[in-house]
Amino acid sequence: MMDKPVIIIGNGGHAKVITDILLFQNRDIIGFTAPQKESNAYQIAYLGKDEAILQFKPDEIELINGIGSVKDTENRKNIYLYFKSCNYIFSSVVHPSALIANSVELGEGVQIMAGSVIQPFAKIADNTIVNTSVSIDHDCHIGKHCHIAPGCTFSGMVSIGDCSHIGTGTTIIQNIKIGSHVLIGAGSLVIHNIGSNKKAFGAPAKEV
């Protein structure tokens, strides 16, 4: 529910981008959590470590996952799963400049950053980041807990498994399937399917 106040988990670079969107949308931000007390660029209150969230009832607030990922999405996933097990809801965040077709399906806690375009019948699963200026074409399926880094381009009917990180500026041609827990290096061109638990880099991308 958009009318509930929110708490942001994290205070790093990704949290800054998310906070800026929330303020633009006039969301009521209670504060943020982090492992130790630190200043906040937007002067938002520090609530304590993540456990401070438990003082709020799950039906009173919504959570915002402000943890990003560079190579590994596990920390972001684990935070999401822990608070889901405590019955909290994660709010999705969509920048007003993003263009999303009416038939697109967005899971819980999905974050769509500025300038991104998601075409008809794409599906973005729970807790996934679609970062700045990403282009996802028709019928693409992106799994849970993924990070699609800035400037990626997916042609139609691309499939990405859970917990995968697709590096900045990667291009994936049509009908490609990428498994779970995959890391694709920045600037790669993916023209062949890639199985789960793999790393791939280059143009064309090769498993390493």
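Just so it is clear, the values below take in all heavy atoms, side chains as well, and ignore hydrogens, waters and symmetry mates. These numbers were taken from a predicted model, which means no experiment stands behind them.
- Judged by distance alone, the side chain of Tyr46 and the main-chain N or O of Ser39 form no donor-acceptor pair under 3.5 Å.
- Residues Leu54 and Cys86 share a closest heavy-atom pair of CD2-SG, 4.3 Å.
- Remark: the backbone N or O of Thr128 is not paired with any side-chain donor or acceptor of Arg76 at under 3.5 angstrom.
- Enclosure of atom NZ in Lys199 is not indicated, since only 12 or fewer non-hydrogen atoms of other residues, nucleotides or ligands lie within 6.0 angstrom.
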N/O donor-acceptor pairs under 3.5 Å from side chains in residues 151-167, not counting sequence neighbours:
{"from": "Asp162", "atom 1": "OD1", "to": "Lys144", "atom 2": "N", "distance (Å)": "2.7"}
{"from": "Ser164", "atom 1": "OG", "to": "Gly179", "atom 2": "O", "distance (Å)": "2.9"}
{"from": "Ser164", "atom 1": "OG", "to": "His181", "atom 2": "N", "distance (Å)": "3.3"}
{"from": "Ser164", "atom 1": "OG", "to": "Val182", "atom 2": "N", "distance (Å)": "3.0"}
{"from": "His165", "atom 1": "ND1", "to": "Ser69", "atom 2": "OG", "distance (Å)": "3.3"}
{"from": "His165", "atom 1": "ND1", "to": "Val70", "atom 2": "O", "distance (Å)": "3.3"}
{"from": "His165", "atom 1": "NE2", "to": "Val70", "atom 2": "O", "distance (Å)": "2.8"}

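- Relative orientation of the Phe24 and His95 rings is parallel, given thresholds of 30° and 60° on the angle between their planes.
- Rounding to the nearest 0.5 Å places CG of Asn78 at 9.0 Å from OG1 of Thr73.
- Annotation: the span from Leu81 atom CG to Glu74 atom CD amounts to 9.0 Å, rounded to 0.5 Å.
- Between Gly195 and Glu207, the shortest heavy-atom distance links the atoms N-OE2, 4.0 Å.
- Between Ile61 and Tyr88, the shortest heavy-atom distance links the atoms CD1-CE2, 3.9 Å.
- Of the possible polar contacts, none joining the Asp126 side chain to the Gly107 backbone as a donor-acceptor pair under 3.5 Å is found.
- Asp59 CG to Asn87 CG: the interatomic distance, rounded to the nearest 0.5 Å, is 10.0 Å.
- Aromatic ring pairs are classed by plane angle as parallel below 30°, tilted from 30° to 60° and perpendicular above 60°; the pair Tyr80 and His145 is perpendicular.
- Without hydrogens or angle criteria, Glu108 side chain to Ala125 main chain gives no donor-acceptor distance under 3.5 Å.
- For Glu60, the CD atom is densely surrounded, since the number of other residues' heavy atoms within 6.0 Å is greater than 12.
- Within a 6.0 Å radius of CZ in Phe56, other residues, nucleotides and ligands contribute more than 12 heavy atoms.
- The main-chain N or O of Asn131 is found under 3.5 Å from a side-chain atom of Ser116 such that the two form a donor-acceptor pair.
- A distance-only check finds no donor-acceptor pair linking the side chain of Gln36 to the backbone of Gly48 [under 3.5 Å].
- For the atom pair CD1 of Ile136 and CD1 of Ile172, the computed distance is 9.0 Å after rounding to the nearest 0.5 Å.
- The distance from the NZ atom of Lys37 to the CG atom of Leu47 is 11.0 Å, given to the nearest 0.5 Å.
- When each of Ile18, Ile29, Ile21, Thr19 is tested with Ile64 by the rule side-chain contact (heavy atoms from CB on, under 4.5 Å), just one qualifies, namely Ile18.
- Between Ile112 atom CD1 and Thr132 atom OG1 the span is 11.0 Å, to the nearest 0.5 Å.
- Among all heavy-atom pairs drawn from Asn11 and Glu38, the shortest one is ND2-OE2, 3.0 Å.
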